[in-house]
2 protein chains.
Amino acid sequence: MSWRKDQGRAERGYHHGNLKEALLQAALDLISKKGPAGFTFADAARMAGVSPAAPYRHFRDRDELIASIAQRGFEQFESLLTQAWDDGRPDTVTAFERVGKAYLAFAREEPAFYSAMFESGLPPDANPTLMAASERAFAIIRAAAERLAALAPPGMPRPPAMMMALHIWSMSHGVASLFGRGDAARRKLPMSPEDLLEAEVLIYLRGLGFRTDQRPGTATADDKPAGEKAGPWGKPK
Amino acid sequence: MSWRKDQGRAERGYHHGNLKEALLQAALDLISKKGPAGFTFADAARMAGVSPAAPYRHFRDRDELIASIAQRGFEQFESLLTQAWDDGRPDTVTAFERVGKAYLAFAREEPAFYSAMFESGLPPDANPTLMAASERAFAIIRAAAERLAALAPPGMPRPPAMMMALHIWSMSHGVASLFGRGDAARRKLPMSPEDLLEAEVLIYLRGLGFRTDQRPGTATADDKPAGEKAGPWGKPK
DNA sequence: GGCTCATGTAAAAGCCGTTCACATGAGCTG
DNA sequence: CAGCTCATGTGAACGGCTTTTACATGAGCC
């Protein structure tokens, strides 16, 4: 094994060498275990093997650490969404749904990031760079909505892309925050959050005139809503 | 003026006489000012004019106070939703939208309740009576969805009412929690949260086959989606 | 080799949550 | 009304957290 500055205590001189990173990592652990409210600056310091005052060399205060985590969270989030969107391949609707799934997956698999980003109660205006990171993540959803809106069936009023993006975001965030996290699932559900969100988005898209019952090719106009086929919630028995 | 046990200190013997109520009230004030995380047991005691130990005669600990507030919140919420639903008068769709508006209004006007209910990070299973209150509130939405589902246009698969209810809830919560609170509005919006949610729900309902462009009478089947009329987001200029 | 400055420590102040022994007095009992 | 009791409030104390300040250390540069 080739460790040198591993966790806990082990071998370490007066200087840690990588404290900032260690603190962020520790904070992530703690937040995912006890939520952003239960997380403690002193605990993170302890976990990194330094005195309670040491973190102040790297973060103005506890809030700034949380903001840093939120910032990283938005960056990872953006990259995940970008990847899921994959510039709309193989077709716009499929890619769009993949983005929704990625949203939930992130909330589920990175609960610490997610709560730092959305449930930490930080004043959003206080931190311009954080705000910017959040905007960049949202921009992915917005770009996807833009492409989708362009495909809206002719003969219908074209939905504003920004509004669509906000709708999708609110659905995703709503599902994630009410039912999303696996470990401390807030409520019993008759279906998985993923399925719930997928159905929600499909119904919504159908409300905009998209045909969503068939996937091959690009989405096209649809003058009859889904006919006799099963709805997006599965077979009605 | 006829005060006797008013706030602050003023005239008061050894016993407060109404401490539990005073604490709940103080907590509401503080939570709405500084969020459920910033709220402090000692602060509430101070505001009620008692020693920091006094609250423990009425609440096992800080969490129980917050849970009490959440409980009351759910009760008020339930009553508000019931009133808004008004048993589906004058017609199901109108009443349904009124419920959505009531949801947002509650989040906006009672931010303290709302955060205690949804953002306090309390383990939901820890408190059965709290859980029950929350279920009762959700039951209103569910009942409304049930009625709406019964009106689903024939010839289309009937959407499960429970799923509809969950969808509506997630939309409402998503909008409320991302854009809802007026005082510390989290993000800039091109429209009001109310309009945003209304459009979202209308599009969703249309996706289920409801005609939503006209209100008079009860919702009926619709074999053509909204024709050339303006969408739920207003005139497309 | 010696300087400097980023990085860490120790100690302390002030706050909070929580507990415990004790004080008070409201309301019942007779 | 006297006296008892018990719910309710107090004061003091413990441990933990955040944050500040003065001081220590040693990595990197000349």
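Every heavy atom of this structure was used, including side-chain atoms; hydrogens, water molecules and symmetry mates were not. A, B, ... follow the sequence lines: proteins, then strands. Residue 1 opens every chain.
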Please test B:Tyr204 against B:Ile168 for side-chain contact (heavy atoms from CB on, under 4.5 Å), starting from the C-alpha separation and ending with a verdict. CA-CA 9 Å; B:Tyr204 173 83; B:Ile168 298 293; 4.2 Å; yes

Kindly determine whether A:Lys101 and A:Glu97 satisfy salt bridge (Lys or Arg N to Asp or Glu O under 4.0 Å), including the steps that lead there. CA-CA 6 Å; A:Lys101 289 224 170 69; A:Glu97 280 164 27; 5.2 Å; no

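In this structure, A:Lys33 forms no cation-pi arrangement with A:Phe39, as its terminal cationic atom is not both closer than 6.0 Å to the ring centre and no more than 45° off the ring axis.
What separates CD of A:Glu64 from P of D:dT18 is a distance of 15 Å, to the nearest Å. Computed from coordinates, the B:Phe39 CZ to C:dC16 C1' distance equals 12 Å when rounded to whole Å. Rounding to whole angstrom units, CG of residue A:Leu23 and C1' of C:dT7 are separated by 12 Å. Per the geometry, CG belonging to B:Leu19 stands 15 Å off P belonging to C:dA26, to the nearest Å. Atom CZ of B:Phe41 and atom P of C:dC16 are 13 Å apart (whole Å). Atoms NE2 (A:His58) and P (C:dA6) sit 12 Å apart, rounded to a whole Å. In this structure, CZ of A:Arg62 is placed 8 Å from P of D:dT19, rounded to the nearest angstrom. When the C1' atom of C:dC15 is taken as reference, atom CG of A:Asp61 falls 16 Å away, rounded to whole Å.
You'll find the side chain of A:Leu30 stays beyond 4.5 Å of the side chain of A:Thr40, heavy atoms only. No side-chain heavy atom of A:Phe41 sits less than 4.5 Å from a side-chain heavy atom of A:Leu23.
A donor-acceptor distance shorter than 3.5 angstrom exists from the side chain of A:Arg98 to the backbone of A:Arg89, with no hydrogens or angles considered.
Using a 4.0 Å heavy-atom cutoff across all strands shown, B:Thr40 reaches sugar-phosphate atoms only and no base atom.
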Reading 5' to 3' through nucleotides 20-25 of chain D, protein heavy-atom contacts under 4.0 Å coded B for base, S for sugar-phosphate only, - for none: B-BBBB

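Map B:Lys20 and A:Ala42 each onto its nearest nucleotide of DNA chain D; the residue landing nearer the 5' end is B:Lys20.
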